[in-house]
Amino acid sequence: MTDLSILENLNEEQRRAVVDTEGALLVLAGAGSGKTRVLTTRVAYLVKNMNVDPYNILAITFTNKAAGEMKQRVANMLGESCEVWISTFHSMCAQILFRECERIGYGKNFSIYAEAECARVLKRIMKSPSDADNEKNAKLFDTYYGHIKRIKSFNHDPKEYAEACIGESKIKKETLRLFDLYQAELKNNNAMDFDDLLINTVKLFDENPDVLERYQRRFRYIHVDEFQDTNKIQYRLVRQLAKGYGNIFVVGDEDQSIYGWRGAEISNILDFKKDFPDAKVYKLEQNYRSTAHILNAANRVIANNKKRFDKVLKTTKEGGKRVEVFNAYNDREEVDYVMRNINDLVTLAGYNYGDIAILMRANSLSRQFEEALTLYNMPYRVYGGIRFYERKEIKELLCYLRIAINPFDNESAARIINVPRRGIGDATVQKLIECAGANGTHLFDVVKNIENVDGLNAGTKQKIAGFRNLWLSLIDAAGKSDAVAFSEYVLKASGLFDMYKADEAEPDRVENLKEFVSAVNLFRKDNPGKTIEDFLRMVALISDADEIDDSNSVTLATIHAVKGLEFPVVFIVALEENIFPSSHAVIESDDNIEEERRLMYVAITRAKERLYVSSSRCRFRFNQRQNNLRSRFVQELIGNVPAKTPQTPQSEQKSTFKPAYTGAAAAKPASPAANAVDVSEYTVGRKVEHSKFGTGVIVSVSGSGNETIAGIEFENLGIKKFVVALAAKNMRLL
DNA sequence: TCCTTACTAATTTTT
DNA sequence: TTAGTAAGGA
Ligand SMILES: Nc1ncnc2c1ncn2[C@@H]1O[C@H](COP(=O)(O)OP(=O)(O)OP(=O)(O)O)[C@@H](O)[C@H]1O
C-alpha cells in the first residue's frame, strides 16, 4: 500500500496538482494559496511515492534562502536528507558553468561580478586615455551603463535595441562600442556578470548538444517557483532542459510580477501554454495566509490593474482585525505611529518583535525607522542596502582571494593593488593596464615582468615588484592550503588585517574581517570537501532576502526583499505619490504603475493577521521638505468601505507608549514608570546591569528629562543607546 | 607622483 | 548621509 501521508496537509485542488506528475503543468494562483507548498510537496511525492531518484529532480526557487527552506521541508517530509537539486537559476548556472566553462572558452575559476564590479569595469573603460577622443563625460555613465545592462538582462540584440530605444545617434553608436568593450573586458578578466551566467549557460547548451543531453537526461522532472518573475533567458533555459522529458511544473501569479524592470516577462506565462500545447492549468482559490479584511484589501487594490487574468481568491480566515490606515502630518509622526503600535502589539497583544515587518518601497526610507527602533531599544534587522559581503573591507579581502584563484581578474587586482597603501597610485595603475592592453596580456603578466616595462621609474618598479611577490605567494598558497588556512593567510599577508586593526575610528572593520574567516570555517564544516572556490561562488550570489533570519527582531525591508515571505503583522509605510508609486512610474507609463500596484499587492498579502498602512503629508528627503499626496493605492485599498482612520491610535488596552518626536500629537500624561526614573543617576562612568545585554558602562549622556539618552558600552556588544526613561525598567545601576 | 582634505551632487526596486 | 572628485601640500 502506498503511503499518502504527505498529501494530508493539502486541500483537494492542491492535491490534484501534486499527483499529476507527468507532462507540462502550470499552476496559476493568487497570493498565499499554497503554490510553494504544492511545489515542495510534489518534489517529495515524486521521491517517496513515485520512486523517482532525487538525482533526477530539479527545483528552481527565487532566492537562495527559499531554496534552503525547500530543501529542509522536503527532507522533513522524506525523513532523510534531500538530494534533490534545489537552487536559484543563477546558482544553478554558476554550478553548471563551473564544471563546463572550458567548452565556451572560459577558464576554470572564473570570477562572478556583482553590480559594483561591473560598474567599475565600465568606468575604467570610459576613463582610459586611449579612449580620450570620444565623448564620455561622467554624466553619461549612467546612460551607457543602463543601456548595456538592459540589453543583457532583456536579452536584446544590441543593434536592434540601439535602433529602437536610443534616439540620439551619437549615444547609439557609443553604446554599441562600449557594449563590445565591456563584454570583451569581462571575458579578458575571465569574469561573468549575473546575466552572463544565464546567457553563457544557454550558449553552452546551444553549442554543445552532448552537454545539453546530459543535463536533459538528468533532469527528468523540472520545477520553477515564482514563474511570473522569470526573464526570457531563464525561460529559454527551462525550455532547453524540458525538451528532454517534457515534465515541467511551474507555479506563478501574474499579479505578483515585480521584476519587470529587470527583464522579467509576465508573457512567459502565456508563452508557456503555447510552447507546451498540452500543458494543463491548475488554479488554487483558497488563501491560507491572511484574514478576510487583509485579503479583501489586496483584492480591491489589484482589481485596478487591467493587464491580468481575473481570479478567485477566498479566505479561510473570516473576521480578524480591520486594516488600519493612518495619514500623518509629517514623517516623524508617522514613525511614532508605527513605534506606538509596535510597542502596543508587543506589550499588550502578545506579539513578538519577530512577528512584525515594516515594509517600504525603497531602502532609503528605512533610516528614520532604524533610528526610532534604536531609540526605543526595540530589536530590529534591516534587509537591503549594503550586505555583509558588500562592505569595503570584505570586498577588498574578496579581491585578494579572487586574484589568487583567477589571476586574469584585472578588475580585482586593480582595486586592491594599492590597498593597503603601497605607493602605487592611480596614474601608475592606469599605465600598467594600458601596457597589458597593448600587449594583449593581463595586469598579472605586466606585474610579473615589471622589470621589463618601460616608462616607470625605479622606485615605482620596486614597489610593484613587492606587490608581485605578494601576488605570487597568494597563488602558491591557494594551491596548497585548505580554505580556512588560505583565507587566514591572505588576510594577514595582504596587510589588510593590520591596516584595519590600526584604524581606531572604525573598529567594526577588523571584526568583520574576522567574521569572514569564521564564515569560511563554518562553510567548510557544513560542506565537507568544498573549496574556497565554492565559497566565493556562494558569496557572489548571496542576496538580501537570503540574510533574513528568524531572530526575534522587527524586520525592516523593501517589499522586493520579502517576496514569498509572510508575517503576522505588517506595516506598509511612506505610501505617498512619487514614493509608492515611485516618481519614475508616475512619469512613465501605465505599465509601470501596474507593476507598482502589483508591488502593493505583494506587500499587503505578506500580512497574516494585522495590516497597518501609513503615509505622511510632509517628509524630509534629499535634504529638503517635500509635500506629497497620499498614494492612490491607499484609496484603492479603502474602497467604499469606511475604514478606521484613528486620530489617536487605538489599541487593545491603554497604550504604554511615550512618543519621542511628536509629544503634542499624542499628548498623554507621562507614564508613572517613566517619571519614577531619576535620570540624573545616569552619569558617564556609572556601571549598569541590563537584563538582556549584561553589564556595561555609561559612556555618554545626552538630552534631558524623559528624553535623556545614555550610550552604554557592553562587553563584546559595543555601544548601545537607550532612552533612559523607557529602558530603565530593564536596567539596574550598580 | 601620491595622499589628504574639502566640497559637491545625488539617492527605486536587485538575482 | 555618503560616494566621488578636485585641488593643494608633501
Ligand atoms: N492546504 C493548506 N492548509 C493549511 N495551510 C496551508 C495550506 N496550503 C498552504 N498553507 C499555508 O498558507 C501559507 C501560504 O502558502 P505558500 O507560501 O505556499 O503560498 P504561495 O501561494 O506560494 O504564496 P505567495 O504567492 O505569496 O508566494 C503558508 O503559511 C502555508 O503553510
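Here is the naming used below: chain letters follow the sequence lines, and residue numbers restart at 1 for every chain.
Among the protein residues, A:Phe580 comes within range of no part of the nucleic acid, since none of its heavy atoms lies under 4.0 Å from any strand.
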What N/O pairs connect the protein and nucleotides 1-3 of chain B at under 3.5 Å? Give each pair on its own line.
residue : atom : partner  : partner atom : Å
B:dC2   : OP1  : A:Gly425 : N            : 2.8
B:dC2   : OP1  : A:Thr428 : OG1          : 2.5
B:dC3   : OP1  : A:Gly423 : N            : 3.4
B:dC3   : OP2  : A:Asn418 : ND2          : 3.0

Report all interatomic pairs (protein N or O, nucleotide N or O of nucleotides 7-10 of chain C) with separations under 3.5 Å.
none

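In this structure, A:Lys123 forms a cation-pi arrangement with A:Phe141, its terminal cationic atom sitting closer than 6.0 Å to the ring centre and no more than 45° off the ring axis. With A:Tyr161 as the aromatic partner, A:Arg150 does not meet the cation-pi criteria of under 6.0 angstrom to the ring centre and within 45 degrees of the ring axis.
Contacts of A:Phe110 classified as ring pair (Phe, Tyr, Trp, His ring centres under 6.0 Å), with partners at least two apart in sequence or in another chain: none.
Ring stacking holds between A:Trp261 and B:dT13, with the centres under 5.5 Å apart and the planes within 30 degrees of each other.
OP1 and OP2 of B:dT12 both lie 4.0 Å or more from every side-chain N or O belonging to A:Asn578. Taking side-chain N and O atoms only, A:Asn64 has no distance below 4.0 Å to OP1 or OP2 of B:dT15.
The aromatic ring centroids of A:Tyr259 and A:Phe62 lie less than 6.0 Å from each other.
A donor-acceptor contact shorter than 3.5 Å is absent between the side chain of A:Asp409 and the backbone of A:Ala191.
Side chain of A:His560, nearest nucleotide from B:dT15, B:dT12, B:dT13: B:dT13.
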